[in-house]
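See below for the structure under consideration.
Throughout, protein chains are lettered first and strands after them, A, B, ... in sequence-line order, and every chain is numbered starting at 1. Hydrogens, waters and symmetry mates play no part in the numbers below; they use all other heavy atoms, side chains included.
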Amino acid sequence: MKSIQLKGKNVEDAIALGLRELKTTRDNVEVDIISKKCRGLFGIFGRKEVVIKMTLQDNNIDYNEILTGIETNIKNIILLANLNIKFKVDIEDGQVCINMNGVDAPFLIGKSGDVLDAFEYLISLMVNKKHKTKVKLSVDVDNYRAQKSIKIKDATTKAVEKVLATGEEYKIKNIRPNDRKIIHSVVSEFHELSSKSVGQGNSRYIIIFKK
Amino acid sequence: MLKDFLTYIIQGLVDNPREVKVNEIEGDKTSVIELRVGNGDVGRIIGRQGSVIKAIRLLSNAIAVKHGKKVTVEVIG
């Protein structure tokens, strides 16, 4: 792994300098602050100086190894849970997609996809712990997620039309984080509208309103 | 059945897989499953605001219902 030492006026400055030198982005480097000191009186006069060490991360994740790892993981889980499920593992734009189908697959969806979310969460924890990576996983059963996102898009378009017609703000409640993302992206296509998420935890909801 | 399944999942989440002990107390309709892990690993299977244990409970209940049962999962620390 390549690493360099840099000096700068402040940490951000030094990082920017280093990224230019290594020709990379912030995601691919690890930054250690070696020293941070102010020379001169009270740190007001004189020079401020920060020394950082920047290490280029080995970003070539061995996807083949991870894929076989995921496959054995899921195969074992399905076997131990005694379920009749077939699955396929693919990579789509840096994200590992697991698609399952079979007689028992609907049991893994649950109430509005909560079991599916739980399964996805546990699998990604297991895989990322085993390979010490931060790979994003998405699990789908019989295209459930794809269909749900189409439904949400339709509902959002209707809500948007309502807001455009009446000018009043519109609230959408009981939405999961991933689905909120879809709503925001739909609303952002309309220049005169804006959306924001309000509230905490489970009671978080979305407001669509005219700017 | 659920015992082996949970053992596999928990072992994949903790630092010390050898210290994982899963005990199943079977009833007619409901089973109680007790999870024991090493000292430093309790946080790993509970997660931030119980996110991990919540997921474990949801998933094991879904599988138990498939096999005509109910299950309660408890962490014993």
Side-chain angles (χ1 to χ4, degrees), chain A residues 66 68-85 87 98 100-133 135 137-139 141-142 144 176-178 200-204, chain B residues 1-24 26 29-31 33-35 37-75:
Chain A
I66 294 175
T68 42
I70 293 173
E71 268 177 25
T72 43
N73 262 342
I74 298 180
K75 209 193 274 169
N76 285 338
I77 288 176
I78 290 172
L79 210 74
L80 288 171
N82 202 4
L83 296 173
N84 183 3
I85 287 176
F87 68 94
I98 302 157
M100 301 189 286
N101 54 57
V103 186
D104 293 339
F107 280 93
L108 283 183
I109 295 177
K111 207 196 223 167
S112 65
D114 55 356
V115 178
L116 198 56
D117 287 340
F119 186 71
E120 183 179 286
Y121 185 46
L122 289 177
I123 290 277
S124 77
L125 278 181
M126 285 171 85
V127 168
N128 285 325
K129 174 141 184 75
K130 194 162 148 197
H131 300 279
K132 296 196 175 80
T133 50
V135 178
L137 280 177
S138 93
V139 183
V141 170
D142 287 336
Y144 171 79
R176 288 168 177 283
N178 284 341
Q200 287 290 319
N202 280 336
S203 56
R204 214 164 151 78
Chain B
M1 186 261 319
L2 264 175
K3 187 181 160 182
D4 300 332
F5 162 75
L6 275 172
T7 315
Y8 182 75
I9 296 233
I10 306 290
Q11 280 181 342
L13 298 174
V14 296
D15 291 328
N16 295 316
R18 281 184 189 176
E19 288 183 45
V20 173
K21 287 197 181 78
V22 180
N23 189 22
E24 185 170 5
E26 278 196 59
K29 282 180 184 164
T30 312
S31 297
I33 290 182
E34 298 175 337
L35 307 176
V37 293
N39 259 343
D41 283 334
V42 180
R44 287 220 179 269
I45 61 165
I46 293 178
R48 203 175 293 159
Q49 295 185 344
S51 59
V52 179
I53 191 69
K54 223 187 259 173
I56 291 174
R57 283 182 179 138
L58 259 171
L59 188 58
S60 31
N61 246 317
I63 291 166
V65 166
K66 158 88 223 331
H67 297 291
K69 276 202 152 186
K70 276 195 170 180
V71 68
T72 314
V73 181
E74 294 290 346
V75 181

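- Only the side chain of A/Leu83 comes within contact range of chain B, with heavy atoms under 4.5 Å apart.
- With rounding to the nearest 0.5 angstrom, the CG atom of B/Leu58 is 9.5 Å from the CG atom of A/Leu122.
- For the atom pair CG (A/Leu80) and CG (B/Leu6), the distance works out to 10.0 Å, reported to the nearest 0.5 Å.
- A search for side-chain contact (heavy atoms from CB on, under 4.5 Å) contacts involving B/Val65 returns nothing, not counting sequence neighbours.
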Looking only at N and O atoms, which donor-acceptor pairs between chain B and chain A are within less than 3.5 angstrom?
unit_1: B/Tyr8; atom_1: OH; unit_2: A/Asn73; atom_2: OD1; d: 2.7
unit_1: B/Tyr8; atom_1: OH; unit_2: A/Asn76; atom_2: ND2; d: 3.1
unit_1: B/Asp15; atom_1: OD1; unit_2: A/Lys129; atom_2: NZ; d: 2.5
unit_1: B/Ser51; atom_1: OG; unit_2: A/Tyr121; atom_2: OH; d: 3.0
unit_1: B/His67; atom_1: NE2; unit_2: A/Ala81; atom_2: O; d: 2.9

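- Counting heavy atoms from C-beta on, the side chains of B/Ile63 and A/Phe107 never come closer than 4.5 Å.
- Residues satisfying the side chain to side chain donor-acceptor pair (under 3.5 Å) test with B/Glu19, not counting sequence neighbours, are none.
- How far CG of A/Leu116 is from CG of B/Leu59: 10.0 Å, rounded to the nearest 0.5 Å.
- Neither the backbone nor the side chain of A/Ile109 comes within contact range of chain B; no heavy atom of the residue lies under 4.5 Å from a heavy atom of that chain.
- Residues B/Leu13 and A/Met126 approach most closely at CD2-CG, 3.8 Å, considering heavy atoms.
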